[in-house]
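Written out below as structure tokens is the structure these notes cover.
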Amino acid sequence: MRPISRRQALLLGGLGTAAAAAGGTGLVWSLSSRPGPTTGSSLGQPQELRSDAGKLQVRLEAAAAQVQLGGRQATALGYNGSVPGPTLRVRAGDVLKITLANSLSQPTNLHVHGLHVSPENNGDNVFIAVGPGSSFDYEYQLPGNHPPGVYWYHPHHHGMVADQIFAGLFGAIIVEDPDPIQASAERLLVVSDTTLDPAGKISAVSLMDRMTGREGDLLLVNGQGNPLISAVPAQRERWRIVNACVARYLRLRLDGQKLELLGRDSGRFEKPQEVEELLLTPGNRADLLVTTAAGESVLRTFRYNRGSMAGMMGAGPAPGGATDGTEGAVLATFRVTGESAAPPPAVPAQPAHADLRQSTVAAHRQIILFTGMGMGGGGMMRFTINGREFDAGRTDTTAAAGTVEEWTLVNTSPMDHPFHLHVWPMQVLGDNAPAGSSPDWRDVVNIPANGQVKVRIAFADFRGRSAYHCHILDHEDLGMMGAIEVR
Ligand code: C2O
Ligand code: CU
Ligand code: CU
């Protein structure tokens, strides 16, 4: 059975259903390790828009929206009036056309995070600004071999990205598997956080919060606080999880259930990998199989210490600590009862992921992520890559199309930074990936405080200009971004 979308629920049910569909508990995540609030309504799903005959054409209007967030009436921003926006389901080889209509009072634009599509012209071009009252027609041609997975879309107008996402502008994109993987239910869980003021408006954040990377008080799954997910035992469910938080790392557990990771960010492991705990930095996604076992399980996120600038700033709380104590913060409740179902058929073998470990490397680069006091005084904290703040008019890195590069991502600061490269995914090298192990591909890679990570990138298929940045989006807005041109 496919759960009805929230939009359908709203259309079908009138007011009573609307309140229930949007999650009725009205909680504010303010205290630490208390048990989560009692679960409210069932997990809703954003409206789904599917491609047909190789094409999906949609209109997304970014506008102020009156929505329920965690059961509270909120004045947020949404695509087509909802948070998250509609889910776009496409296939490799499809054309995705999106008309972005800007009904905000400020500029915005659109980025399709993780999709391997052209960054030029009206493709995934983050250098375009769409002014208030105007619209722009994006067109993305997915290659015929585009990896399946869960991706997402969000604004990318430099300086306003964190605020616009924190206010509700995000949605999921699913690239279907060429060979369907049977599941009794497919669920999308877009995890976000935000903070509402007493009037239900999205709270403004301080410069200190931006420097640390803001974490909202309200922890949401598809806009709901602790929704209920119901299932029967011995089934296989497919859960796609997106971390759409501006800065919060998710360290997820669903104790009592068997979790297998089909893939992370994009593509598939050859065989599903059993996991107990899953770290998703901002921007990361997980494509999971959940084999159900009778009982009640709670999807929680545990505190992840991503470091802080406390030492440098003289004060300030460590991030990640306020809302999720040792027992973790509750995201959703999973109730498994009833008759066992027939065991699911085996997962079809997946084509092997590309592996660049034996490739010839055309260039080695060092990318240095720096946070700290600027040289030459002024007392301002700076967020730089290779010593410079982002400048849209400057190209920081030039790579040759058709080559493989090795980048050493160095973090010289006392806090973690999740590094993201547009268009071209990264294969993580190093101790965690001994030869012969399954290749580890990501489009957001965590670079631990005072640590470094090596990645390889194949600049295949596309030329053009795009960006890399820290996916703590406050840091990106503060300048921790660079422009890359592949030619
Ligand atoms: Cu999810 Cu450049 O972003
Ligand atoms: Cu991106
Ligand atoms: Cu950062």
Side-chain angles (χ1 to χ4, degrees), residues 84 108-117 119 123-128 138 140 149-162 164-166 169-173 190 192 209-215 242-249 265-266 280-285 304 306-309 312 319-320 367-372 381-385 389-390 392 409-426 442-451 453 457 462 465-484:
T108 189
N109 63 10
L110 197 73
H111 168 50
V112 284
H113 178 131
L115 287 189
H116 182 57
V117 293
D124 187 24
N125 183 345
V126 292
F127 300 101
I128 286 166
Y138 290 93
Y140 314 100
V150 48
Y151 303 87
W152 62 303
Y153 60 86
H154 62 74
H156 218 285
H157 186 72
H158 181 58
M160 299 178 177
V161 179
Q164 291 184 1
I165 291 182
F166 199 61
L169 290 175
F170 48 82
I173 301 172
V190 181
S192 66
D209 284 339
R210 289 177 197 272
M211 293 191 298
T212 306
R214 72 184 79 181
E215 297 196 5
V242 179
N243 184 354
C245 298
V246 166
R248 183 190 295 268
Y249 284 46
D265 290 358
S266 64
L280 298 181
T281 73
N284 278 143
R285 291 87 60 209
Y304 174 84
R306 58 183 173 88
S308 78
M309 298 181 304
M312 306 163 67
I367 305 278
I368 298 173
L369 308 166
F370 170 83
T371 305
M381 289 287 296
R382 298 184 64 203
F383 291 80
T384 61
I385 295 185
E389 280 93 4
F390 179 66
L409 308 167
V410 181
N411 181 354
T412 60
S413 72
M415 63 194 305
D416 290 20
H417 296 289
F419 181 84
H420 174 50
L421 170 63
H422 287 202
V423 184
W424 302 275
M426 299 170 276
R442 320 261 172 117
D443 55 53
V444 185
V445 178
N446 190 48
I447 318 301
N450 299 306
V453 174
I457 306 150
F462 300 114
R465 259 179 112 232
S466 195
Y468 49 78
H469 58 89
C470 176
H471 217 288
I472 289 176
L473 294 163
D474 285 304
H475 294 174
E476 180 268 302
D477 282 335
L478 288 166
M480 206 173 224
M481 175 153 73
I484 178 170

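Whatever order the structure lists them in is the order used to number ligands and atoms, beginning at 1.
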- Task: Verify the distance test for H111 against atom 2 (Cu) of ligand 1: any N/O/S atom under 2.8 Å, yes or no.
- Result: no
- Query: Got an N, O or S from H113 under 2.8 Å of atom 2 (Cu) of ligand 1?
  - Reply: no
- Item | Spacing of M381 atom CE and R210 atom CZ [to the nearest 0.5 Å] | 15.0 Å
- Nearest 0.5 Å, what's the CG-OG1 distance between L169 and T108? 6.0 Å
- Item | H422 backbone or side-chain N/O/S under 2.8 Å from atom 2 (Cu) of ligand 1 | yes
- Under 2.8 Å from the Cu ion (ligand 2), the protein N, O or S atoms, given as residue and atom: H111 NE2, H420 NE2
- Task: Working to the nearest 0.5 Å, report the span between SG of C245 and CZ of F166.
- Result: 9.0 Å
- Message: So that I know where these two stand, are F390 and H469 an aromatic pair - ring centroids less than 6.0 Å apart?
- Response: no
- At the Cu ion (ligand 3): angle between C470 atom SG and H475 atom ND1, to 10 degrees: 130°
- Quick one: pull up CD in E476 and NE2 in H471 and give me the separation to the nearest 0.5 Å. 8.0 Å
- Task: Give the atom name of whichever N/O/S atom in H417 sits closest to the Cu ion (ligand 3).
- Result: ND1
- Passing candidate, side chain to side chain donor-acceptor pair (under 3.5 Å) with H422, options R465, H113, H156: H156
- Which residues share a salt bridge (charged side-chain N to carboxylate O under 4.0 Å, His left out) with R285, sequence neighbours left out: D265, D443
- Query: How long is the gap from NE2 on H111 to NE2 on H157, to the nearest 0.5 Å?
  - Reply: 15.5 Å
